Amino acid sequence: MTESKAKLSVDGKDIELQVRGGTVGPDVIDIASLYKETGTFTYDPGFTSTASCESKITYIDGEAGVLLHRGYPIDQLAEHGDFLEACYLLLYGELPNKAQKADFDYRVTRHTMIHEQMSRFFTGFRRDAHPMAIMCGVVGALSAFYHDSTDITDPHQRMVASLRMIAKMPTIAAMAYKYHIGQPFVYPKNDLDYASNFLHMCFAVPCEEYVVNPVLARAMDRIFILHADHEQNASTSTVRLAGSSGANPFACIAAGIACLWGPAHGGANEAALNMLSEIGSVDNIPEYIDRAKDHDDPFRLMGFGHRVYKNYDPRAKIMQKTTHEVLAELGIKDDPLLDVAIELERIALTDEYFIEKKLYPNIDFYSGITLKALGFPTTMFTVLFALARTVGWIAQWKEMIEDPHQRIGRPRQLYTGETSRDYIPISSRS
Ligand code: SDX
């Protein structure tokens, strides 16, 4: 990997900074010595030009619309593999052979139950609590039940905690859904694969046999793969920062869930479907396109635009294909929301505003239509995103903890507040 120098002049003092290249993608200027050498900080609040870490897990080329997990293109992983294979790849760095895959599936499957006492935890929430609020609470409480795998210095405990998170998130997500709709919890079944088990825990009821539709289970599994990891996005950066203090992995994942909930991030899939419902008909699209372009109007096209992708999000293309497969399997001939989405995309991609700002559909644009067709309420959409992204958060957390140069993350600031001034007794204040 290349190394060179960058020259910088600050207040007449010339310094040289090391430039490092990766295997692919932009080089970085190592500014770690900048403050010591010049007494100045860099300033980049949205991290638009800042690499927060070195990583080997996921690579994104936003201009070309490329997404690689450990070097494998997302479309190939989504087409040929399953979610637990993608989990193994993200965690261990290589695709598993048959024996490794069978062992990993076996181990994950046998960690899917949660401590029975946790089921009483749910009764503390109002029935109408947003499932993401329940996820934040219950996942954060996992360290109260599984403190035997919170010693982050022990590689074995790190792996046990990783497996527990991947295995238990579907169970917790399904329980959040069942609690939300007032139905009894359904236990995981070891004879079902990961996605089928999740659908069964969500949609089975005690009064009759529930047979999982294999086409829908495959679509669910593919949706999990598409959401598994995505470089240093906001929630992953949150997990890394929380983990840099030595906090236990369950607490770090809970922090990631909280960050993902925002409508600018993982909450966009719920917001995008609500937006399509609000638009309602293709006749109303022009009004909403105008609103999205009006800087005085806070309305944005949810599911459109991306900090990194300045081309079509490769996941959105696969999601769109999955949407059509699910609607066809369910015999849904004309979904008015899909009609609005397709027409909205067509108009936006030909509009100068969106072209000039390189705004394309992202993964959240079509996912909501698919998840609604699968039977999930919009309040569950971000929960499903969190379920799938848990492996990415865990893999990135593990990579950071295992980095011998890892230190606590502690950014500085540009201070523009009051300078030092003396206290005034309240009797003397006007
Ligand atoms: C995810 O980071 C990741 O990898 C995230 C993610 C992952 O897998 O982890 O990919 C998942 O979060 C996808 C993004 C989901 N969010 C949305 O769909 C919400 C709608 N999108 C926007 O809020 C926005 O595009 C962001 C938040 C996604 C990106 O914001 P940026 O990079 O800070 O871009 P910006 O807000 O500075 O916008 C640049 C310009 C602005 O116009 P100007 O001020 O330059 O004139 O584009 C405009 C914005 O007003 N713009 C939009 C728009 N998105 C950006 N205008 C209308 N509709 C939009 N959706």
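Order of appearance sets the numbers: ligands from 1, and atoms from 1 within every ligand. All values reported here derive from a predicted model rather than from experimental measurement.
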J.: With backbone taken as N, CA, C and O and side chain as the heavy atoms from C-beta onward, which portion of H227 lies under 4.0 Å from ligand 1: side chain, backbone, both, or neither?
T.: neither
J.: Is the Y194 ring parallel, tilted or perpendicular to the F224 ring (thresholds 30°, 60°)?
T.: perpendicular
J.: Look at ligand 1 and say whether Q232 reaches it with a heavy atom at a distance under 4.0 Å.
T.: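 Contact check Q232 vs ligand 1: negative.
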J.: Tell me which part of K293 gets within contact of ligand 1: side chain, backbone, both or neither, using heavy atoms under 4.0 Å.
T.: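 For K293, no heavy atom sits under 4.0 Å from ligand 1.
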J.: Give yes if a backbone or side-chain nitrogen or oxygen of K310 is under 3.5 Å from a nitrogen or oxygen of ligand 1, and no if not.
T.: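 For ligand 1, there is no N or O atom that lies under 3.5 Å from one belonging to K310.
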J.: Is E402 paired with K56 through a side-chain N to carboxylate O contact shorter than 4.0 Å?
T.: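 Looking at K56 and E402, the cut-off is not met.
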J.: Should G303 be counted as touching ligand 1, given the test is an N or O pair under 3.5 Å?
T.: yes
J.: Any idea which protein heavy atom is nearest atom 48 (C) of ligand 1, and the distance to it?
T.: Y353 OH, 3.6 Å
J.: Scan side-chain atoms only and decide if E399 and S55 contain a donor-acceptor pair under the 3.5 Å cut-off.
T.: yes
J.: Which value, rounded to the nearest 0.5 Å, describes the distance between L90 atom CG and H69 atom NE2?
T.: 5.5 Å
J.: With a 4.0 Å cut-off on N to O distance, would you call K321 and E79 a salt bridge?
T.: yes
J.: Can you pull out the closest protein heavy atom to atom 44 (O) of ligand 1? Residue, atom name and distance to 0.1 Å, please.
T.: H295 NE2, 3.5 Å
J.: When you measure from the heavy atoms of R389 to every atom of ligand 1, does any distance fall below 4.0 Å?
T.: yes
J.: Nearest 0.5 Å please: distance from the OG1 atom of T109 over to the NE2 atom of H111.
T.: 11.0 Å
J.: Just how far is it from atom CZ of F299 to atom OH of Y288, taken to the nearest 0.5 Å?
T.: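 Between F299 CZ and Y288 OH, I get 7.0 Å after rounding to 0.5 Å.
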J.: How far is atom 12 (O) of ligand 1 from the closest protein heavy atom, and which atom is that?
T.: H265 ND1, 2.9 Å
J.: Looking at CG of L387 and CE of M380, how far apart are the two atoms once the value is rounded to the nearest 0.5 Å?
T.: 8.0 Å
J.: Tell me, which protein residue and heavy-atom name are nearest atom 49 (C) of ligand 1, and how many Å apart are they?
T.: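 Here the closest protein heavy atom is R300 NH2, 3.2 Å.
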J.: Which part of F299 is near ligand 1, with near meaning a heavy atom under 4.0 Å away: side chain, backbone, both or neither?
T.: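 None of F299 does.
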J.: What part of L359, side chain from CB on, backbone N/CA/C/O, both or neither, has a heavy atom under 4.0 Å from ligand 1?
T.: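 Side chain only.
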J.: So, regarding F304 and ligand 1 (criterion: nitrogen or oxygen to nitrogen or oxygen, under 3.5 Å), is there a contact or not?
T.: yes
J.: What do you reckon, does D364 have a nitrogen or oxygen under 3.5 Å from a nitrogen or oxygen of ligand 1?
T.: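 So ligand 1 has no N or O lying under 3.5 Å from an N or O of D364.
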J.: Among all protein heavy atoms, pick the one closest to atom 29 (C) of ligand 1 and tell me residue, atom and distance.
T.: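 The protein heavy atom lying closest is R307 N, 3.8 Å.
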J.: Protein non-hydrogen atoms only, distance under 4.0 Å: does atom 7 (C) of ligand 1 have such a neighbour?
T.: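 Neighbour list for atom 7 (C) of ligand 1 includes protein heavy atoms (cut-off 4.0 Å).
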J.: Is there a protein heavy atom less than 4.0 Å away from atom 37 (O) of ligand 1?
T.: no
J.: In terms of residue, atom name and distance, what is the protein heavy atom nearest to atom 60 (N) of ligand 1?
T.: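 Here the nearest protein heavy atom works out to L301 O, 2.8 Å.
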J.: Is the shortest distance from atom 34 (O) of ligand 1 to a protein heavy atom below 4.0 Å?
T.: no
J.: Less than 4.0 Å between a side-chain N and a carboxylate O, is that true for R218 and D221?
T.: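 Here D221 pairs with R218 in a salt bridge, since their nearest N and O are under 4.0 Å apart.
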J.: Heavy-atom distances under 4.0 Å decide this one: backbone, side chain, both or neither, for H306 against ligand 1?
T.: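 For H306, backbone and side-chain atoms both sit under 4.0 Å from ligand 1.
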J.: Tell me whether H80 at atom NE2 has more than 12 heavy atoms from other residues, nucleotides or ligands lying less than 6.0 Å away.
T.: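 Buried by this count: over 12 neighbours within 6.0 Å.
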J.: Can you tell me if I29 has over 12 outside heavy atoms packed within less than 6.0 Å of its CD1?
T.: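 Open: at most 12 neighbouring heavy atoms sit under 6.0 Å from CD1 of I29.
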J.: Decide if atom CG of D11 counts as having more than 12 heavy atoms of other residues, nucleotides or ligands within a radius under 6.0 Å.
T.: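 Open.
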J.: Is atom 24 (C) of ligand 1 less than 4.0 angstrom from some protein heavy atom?
T.: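 Under the 4.0 Å cut-off, atom 24 (C) of ligand 1 does have protein heavy-atom neighbours.
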J.: Measure the distance from atom 28 (C) of ligand 1 to every protein heavy atom, then report the residue, atom name and distance (to 0.1 Å) of the closest one.
T.: G305 O, 3.6 Å
J.: Before signing off on this row, confirm whether D313 and ligand 1 have an N or O atom pair separated by under 3.5 Å.
T.: no
J.: For R407, look at atom CZ and say whether over 12 heavy atoms of other residues, nucleotides or ligands are found less than 6.0 Å away.
T.: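 No, because the 6.0 Å sphere around CZ of R407 holds 12 heavy atoms or fewer from other groups.
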J.: For ligand 1, is there an N or O atom under 3.5 Å from any N or O atom of F354?
T.: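 Among all N and O atoms of F354, none is under 3.5 Å from an N or O of ligand 1.
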J.: Just which atoms of ligand 1 are under 4.0 Å from any heavy atom in A268?
T.: 15 (C), 16 (N), 17 (C), 18 (O)
J.: For ligand 1, note which part of P263 has a heavy atom under 4.0 Å away: side chain, backbone, both or neither.
T.: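 For P263, only backbone atoms sit under 4.0 Å from ligand 1.
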J.: Distance from D82 atom CG to C87 atom SG, nearest 0.5 Å?
T.: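 Rounded to the nearest 0.5 Å, the CG-SG separation comes out at 8.5 Å.
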J.: What part of K357 sits under 4.0 Å from ligand 1 if we count only heavy atoms: the side chain, the backbone, both or neither?
T.: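 It is the side chain that gets close, since no backbone atom is under 4.0 Å.
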J.: Atom 19 (C) of ligand 1: which protein heavy atom is closest, and how many Å away?
T.: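 Sorting protein heavy atoms by distance from atom 19 (C) of ligand 1 puts M302 CE, 3.5 Å first.
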J.: Less than 4.0 Å is my threshold; does some heavy atom of A292 fall inside it relative to ligand 1?
T.: yes
J.: Hey, does A264 come in under 3.5 Å of ligand 1, counting only N/O atoms on both sides?
T.: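 There is such a contact, yes.
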J.: Can you tell me if K5 has over 12 outside heavy atoms packed within less than 6.0 Å of its NZ?
T.: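 Count over threshold, so yes.
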J.: Is it true that atom NZ of K372 has more than 12 heavy atoms of other residues, nucleotides or ligands lying nearer than 6.0 Å?
T.: no
J.: On the ring face of F83, is R222 found with NZ or CZ under 6.0 Å from the centre and within 45° of the axis?
T.: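 No.
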